[in-house]
Number of protein chains: 2
Amino acid sequence: MSADKIFEALASAPRRRILAYLSKTDMTAGEIVQRFAGMMTQPAISKHLSVLENAGLVWREKRGQNVHYGLNEGTLAGSLVHFLAEVCPRSRPLRRESAEAAGRKNAGKAKDKR
Amino acid sequence: MSADKIFEALASAPRRRILAYLSKTDMTAGEIVQRFAGMMTQPAISKHLSVLENAGLVWREKRGQNVHYGLNEGTLAGSLVHFLAEVCPRSRPLRRESAEAAGRKNAGKAKDKR
DNA sequence: TGCTTATATAACTATATAATTATATAATAA
DNA sequence: TTATTATATAATTATATAGTTATATAAGCA
């Protein structure tokens, strides 16, 4: 989680897009791959996710067959990244998709509880 | 001054060190070259400075034979960079040298006015 | 167990970055 | 004008990055 790693991680537009897509909810690797299908292959995304994790910008948790990734808030770098994702006009579309996905996830949970 | 250029500019440790060295005062290209002599050649530093300027992180002004560079505050990116330079423990030594240089420059000006 | 799905890693290729030395430009001084 | 100083650019080389396809691992299901 050195400054070197953080800045290197942020120096990639695809990685910044992934961060924007995670801004409102965590996602599985597969969901991220689906979102960026046609732009990038699964291995490319897997690599980006490991760079982001290695920089301490996202957390990673294996749940059964899936691996969930989410923004690491609670660190200075994480907070700043989150702030930038919130503020940046160019990330707005992905931000909205992220919010929509978050809504679906919550709806799903509510349904489960019925 | 796109996000791409800003993040690319910040992705280099030498460039971040140059920003830290500019944190308290502007400097001529020559002063920066002197500071990093033995680590980097003059052309390398010239290139870094043009990357930083192109990203909108520093301003550049030719005064006679010299070219002065300084942090571009007054932009979101510039403000954040300045904040990071202020906060980052690793940039503290360069920050102090920058403050010392600032002191010398002000002393010089005071002397000029006598 | 064997099959399928989800994710990661390996090997490879193309391109980009960063550094160097050598040289050009532009301003000042003699 | 010629020489000197300050800075930038060009050509080159070494290394790093980002992407690809192919393959491995690991979990869940029949």
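All heavy atoms count here, side chains included; hydrogens, waters and symmetry mates do not. The structure presented is a predicted model; accordingly, all values stated were derived computationally and were not measured. First the proteins, then the strands, lettered A, B, ... as listed; each starts at 1.
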- Task: With salt bridge (charged side-chain N to carboxylate O under 4.0 Å, His left out) as the test, would you mind laying out the steps for Glu86(A) and Arg92(A) before giving the verdict?
- Result: CA-CA 8 Å; Glu86(A) 288 296 326; Arg92(A) 206 185 151 198; over 6 Å; no
Side-chain N or O of [X] versus OP1/OP2 of [N]: is the shortest distance under 4.0 Å?
| X | N | answer |
| --- | --- | --- |
| Asn66(B) | dT7(D) | yes |
| Tyr69(A) | dA6(C) | no |
| His48(A) | dG19(D) | yes |

In this structure, how many angstroms lie between the [atom2] atom of [N] and the [atom1] atom of [X], rounded?
| X | N | atom1 | atom2 | value |
| --- | --- | --- | --- | --- |
| Phe7(A) | dA16(D) | CZ | P | 21 Å |
| Leu10(A) | dT17(D) | CG | P | 15 Å |
| Glu61(A) | dA8(C) | CD | C1' | 18 Å |
| Asn54(B) | dT9(D) | CG | P | 11 Å |
| Leu52(A) | dA18(D) | CG | P | 11 Å |
| Ile45(A) | dT9(C) | CD1 | P | 15 Å |
| Lys47(B) | dT7(D) | NZ | P | 18 Å |
| Lys5(A) | dT17(D) | NZ | P | 12 Å |

Side chains of [X] and [Y]: does their closest heavy-atom pair fall under 4.5 Å?
| X | Y | answer |
| --- | --- | --- |
| Leu84(B) | Phe7(A) | yes |
| Thr28(A) | Val67(A) | no |
| Met40(B) | His48(B) | yes |

- Query: Is the shortest side-chain N to carboxylate O distance from Glu31(B) to Lys105(B) below 4.0 Å?
  - Reply: yes
- Task: Considering only NZ, NE, NH1 and NH2 on the basic side and carboxylate oxygens on the acidic side, decide whether Asp4(A) and Arg16(B) come within less than 4.0 Å.
- Result: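 So Asp4(A) pairs with Arg16(B) through a salt bridge.
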- Message: Between Lys62(B) and Lys62(A), which residue's closest nucleotide on DNA chain D lies nearer the 5′ terminus?
- Response: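 Here Lys62(B) is the residue nearer the 5' end.
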- Task: Tell me what Thr28(B) touches on the nucleic acid: a base, only sugar-phosphate, or nothing, going by heavy atoms under 4.0 Å.
- Result: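 Result for Thr28(B) = sugar-phosphate.
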- Identify whether any heavy atom of Arg60(A) sits under 4.0 Å from a base atom; if not, whether one sits that close to sugar-phosphate; answer base, sugar-phosphate or nothing. sugar-phosphate
- Does the side chain of His68(A) pick up a donor-acceptor pair with the side chain of Glu61(A) at under 3.5 Å?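 Result is no, nothing qualifies.
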- So which nucleotide from dA8(D), dT5(D), dA18(D) ends up closest to the side chain of Arg15(A)?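 Between dA8(D), dT5(D), dA18(D), the one nearest the side chain of Arg15(A) would be dA18(D).
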- Query: Taking N and O atoms by type only, does the side chain of Gln65(B) place a donor or acceptor under 3.5 Å from a partner on the base of dT28(C)?
  - Reply: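 Under the 3.5 Å cut-off, the side chain and the base do not form any donor-acceptor pair.
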- Task: May I ask you to list the residues of residues 29-44 of chain B, by number, that have any heavy atom positioned under 4.0 Å from an atom of DNA chain D?
- Result: Ala29(B), Gly30(B), Gln42(B), Pro43(B)
